[in-house]
Amino acid sequence: MSASNESGGAETPAKSPRFIDDLKRTHRCGDLREGDIGKEVVLFGWVQSRRDHGDLIFIDLRDRDGLTQIVFDPNVSDEAHTLAEATRGEWVLGISGRVRARGEQWSKKEQKMVSAVNPKLPTGMIEVVVNQATVFNRAETPPFEVTDQLDTREEIRLQYRYIDLRRTPLQRTLRLRHEINRVTRNYLSDQGCLELETPFLVKYTPGGARNFLVPARLAPGKVYALAESPQLYKQLFMVSGFDRYFQIVKCFRDEDLRLDRQPEFTQIDVELSFVNQDDVFKVMEGLVFAVMKQALGIDLHELFPSGRFPQLPFAESMAKYGNDKPDLRFDLPHVDLTDTVIELDGGGVPFWQELVAKFKNGTFRRDIPPEIVKALVVPASANLSRPQAEELEKGLRDIKGFKGLARAKIADDGSWVQSPLSKNITPEARARINEACGAKPGDFIFFQFGKTDVVHTVMARLRVDVAKKMGLIPEYGHGGKWKFLWVVNPPLFEFDEDTGKWAAAHHAFTRPVDEHIEYLESDPARVLCYRYDLVLNGFEIGGGSIRLHDPEVQKKVFATLGLDEAQARDKFGFLLDALRSGAPPHGGIAIGMDRLVMLLSGAPTLRDVIPFPKTNQGTDQMTGAPVAVDASQLAEVHLRPVVPVAPGGNKDDQGY
RNA sequence: GGGGUGGUAGUUAAGUCGGUUAUAACGCCGGCCUGUCACGCCGGAGGCCGCGGGUUCGAGUCCCGUCCACCCCGCCA
């Protein structure tokens, strides 16, 4: 079978050298170039494709670095040629042979000399003519082809993930991920950060993301939680004096999945002592610059000559873009018309008049309005048709609280057409709004009014949808643009309408902006904090805060949250103790590694940057996890099933 | 928990108003071929139409249920 001695066994002394034992790999399949012509080489790899011409057989041999054409010529080695005849796709081969130029060859079909060079392959100038070969392993026909362009259902790709991972796009993405890991380790180490590990099995903490629970066999009836993040522990490292820390670490959250959310994901986690917000930014900007340069070859200095990313106050981000992760690859800012509408006394529009009344009678406060009016102008140059405008509105209908999008097309005389507002709006109000929006004839204005958060959500999505429709950004992917920015200083608290209480918008250990400490008790809504998100092209890729290390301020924050000393101790005991034991001022950040790789690689989903991802239902298509276990295994960890469980197995065992 | 899209050969898809033997491409198998690289030519095999039930003389097609995958809302930084 084998042209080498692979099947020969030990009884007959090997005549020709054995692959791996004697014949070591000399090159990878992407290595060989014209300069290697004449060399004797040994290649190992998988059969990408085979072209059998009766006498000559061509095989493209693949490994993670590329393809090399190998040629089996019966005049060179009859044995190797016989082996190649039987060879099929995805078999694993070892070959030795001589590198030669492809040059020009006589084509029988065309009856003339033709170039045998393949300009599509980096190795396309050469080929290896095989004089010895072995089959390390055969392969069953794969369920789908190992090609770059593949439209096989993801369900099947995930089931045979080890085959999918052979494909170049995924190989390239995971290699990029490796590079980002390496750059991160080197850079943060150089910044004086120590890579320290934190536990995965931690204490359950209520609030925030749902924890995965792990039953504790040694403590009947009790559970561990899988860590949502190393948050508490990294702060303890600061308390302990490690000063600067980083970790590339898995985090676990038992929430519903999305395109960009997996139950286990990776963070680049950083915490620094004796720093302010800007110090954290500088360290992370350096990291991003290094990653972009070393992993992607992109010099961000061309886009950000100062080496710094712009900083956008949270309030401004909400006002102009409707969310805290604006995509700055295009402009299309929102126009907040609330003040204008109030000054116009509603401008004749009944809905607006109702709104204005609430401001006038003191129901609503002006500085933090519970309801607002916003507009977005789509310029005439976008050539938006009426059906397209309606389509845009349809795309927003699934937003909870969405009540419809009013719109107006600006006629040549400045009047509004195609608009439900046109019959009520006063000419004066119309002119003022046109002016405020900078709207010109032919432009569309979209309006949304009502609850502030709904208006923001609707208009934020509209802004992105319009940009896609106008071709300002691609459906997915970076489009060659890298708009990094910091969104800074959001409110410390948010009011929970359900409980009627103030809650920490991020967590209770975020440091308030110094100038706002006086409002902690009197006007919590005004208090901003040292919290920040790193945003790229409309995605939040990281976030963090400067931590609250002052026990006096901490006490006031707890008071606003409605926690007295005892309750706070009960909830955060050991951390409070630690912070009172001599805690340095500190702060940190965590970058979502998976999202970062997704955005940098242009991958359409997070699943494409994780080697073994879960499906939307949180299952592993390949292994079938999670599976049922039998009652005795549950009993061992002191659990009794409340749903029917198959004796000894999962549903594939047909135990139901 | 809710809404949407999809599931037909190994893969991707077509399948009309419910009607005879369910098509095609790629892949696979066999044969031929000394310059291919999306090789070419000839031939062939391959189907629980996701699963279960119903309507009907007759269901891939209509109805009900269910499973799986994907996208979104809720949820989640």
Side-chain angles (χ1 to χ4, degrees), chain A residues 48-60 67-76 81 88-90 102-110 112-121 123-124 127 129 140-160 163 207-211 228-229 231 251 253-263 265 267 323-325 395-402 457 461 487 490 505-507 531-535 539-545 589-592 595 604-605 607 614-617 619 621 624 651:
Chain A
Q48 177 68 36
S49 72
R50 175 174 157 279
R51 298 173 294 278
D52 186 344
H53 286 241
D55 270 349
L56 282 189
I57 297 174
F58 301 94
I59 284 178
D60 289 338
L67 294 176
T68 299
Q69 173 165 287
I70 58 178
V71 192
F72 296 81
D73 185 338
N75 299 319
V76 174
H81 182 263
R88 293 295 179 269
E90 299 307 309
R102 293 202 192 186
E104 289 205 319
Q105 303 287 347
W106 177 255
S107 166
K108 210 172 180 179
K109 256 181 263 173
E110 299 187 39
K112 63 173 183 182
M113 295 297 284
V114 297
S115 170
V117 166
N118 184 352
K120 291 180 211 157
L121 289 182
T123 61
E127 63 192 6
V129 58
E140 287 177 13
T141 303
F144 49 86
E145 290 176 72
V146 181
T147 58
D148 293 3
Q149 288 288 332
L150 187 73
D151 51 6
T152 296
R153 235 180 312 149
E154 202 176 356
E155 194 175 347
I156 291 160
R157 290 173 47 204
L158 289 171
Q159 192 179 342
Y160 301 93
I163 291 172
R210 189 180 295 114
N211 291 99
E228 304 169 26
S229 77
Q231 182 63 40
C251 302
R253 290 175 193 175
D254 188 7
E255 296 292 346
D256 284 10
L257 281 71
R258 285 286 189 283
L259 175 85
D260 60 350
R261 277 166 23 193
Q262 283 273 310
F265 60 98
Q267 286 188 343
N323 64 23
D324 59 354
K325 46 181 180 179
L396 303 168
R397 280 188 190 156
D398 59 3
I399 295 174
K400 198 182 164 194
F402 177 68
T457 305
R461 195 144 107 198
V487 175
H506 179 47
H507 60 57
R531 186 180 143 56
Y532 32 84
D533 285 338
L534 180 58
V535 175
F539 283 83
E540 178 200 319
I541 57 172
S545 63
I589 190 167
I591 304 288
R595 281 186 193 173
T605 95
R607 293 183 295 276
K614 303 286 189 285
T615 70
N616 260 1
Q617 294 307 309
T619 65
Q621 283 293 106
K651 58 192 170 188

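Residue numbers start from 1 in every chain, and the chains themselves are labelled A, B, ... in the order their sequence lines are given, proteins ahead of strands.
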C1' gap between B:C42 and B:G52, integer Å = 45 Å

Let me know, please, whether A:Q621 or A:D60 comes out on the 5' side of the other along RNA chain B by nearest nucleotide.
-> A:D60

Establish, with yes or no, whether the OP1 or OP2 oxygen of B:C28 is under 4.0 angstrom from a side-chain nitrogen or oxygen of A:T141.
-> no

Any chance you could list the contact pattern along nucleotides 31-36 of chain B? Use B for base contacts, S for sugar-phosphate-only contacts and - for none, protein heavy atoms under 4.0 Å, 5' to 3'.
-> --BBBB

What is the distance, rounded to the nearest whole Å, between atom CD1 of A:I163 and atom P of B:G27?
-> 17 Å

Using atom CZ of A:R157 as one end and atom C1' of B:C68 as the other, report the distance to the nearest whole Å.
-> 17 Å

Any chance you could lay out the side-chain hydrogen bond (donor to acceptor under 3.5 Å, both in side chains) test for A:Q69 and A:R51, step after step, and finish with the verdict?
-> CA-CA 10 Å; A:Q69 173 165 287; A:R51 298 173 294 278; 3.0 Å; yes

In whole Å, what separates the P atom of B:G6 from that of B:U16?
-> 15 Å

Rounded to whole angstrom, note down the C1' distance from B:G15 over to B:U8.
-> 9 Å

Quote, to the nearest angstrom, the C1' distance that separates B:G43 from B:G53.
-> 43 Å

Base-contact (B) and sugar-phosphate-only (S) positions in nucleotides 3-12 of chain B, heavy-atom cut-off under 4.0 Å, - elsewhere | ----SS-SSS

Donor-acceptor pair, A:Y532 side chain versus A:S545 backbone, under 3.5 Å?
-> yes

What integer number of Å spans the C1' atoms of B:A9 and B:C62?
-> 25 Å

B:A13 and B:C49: how far apart are their C1' atoms, nearest whole angstrom?
-> 13 Å

How would nucleotides 72-77 of chain B be written as a contact map, 5' to 3', with B for base contact, S for sugar-phosphate-only contact and - for no contact, using protein heavy atoms under 4.0 Å?
-> SBBBBB

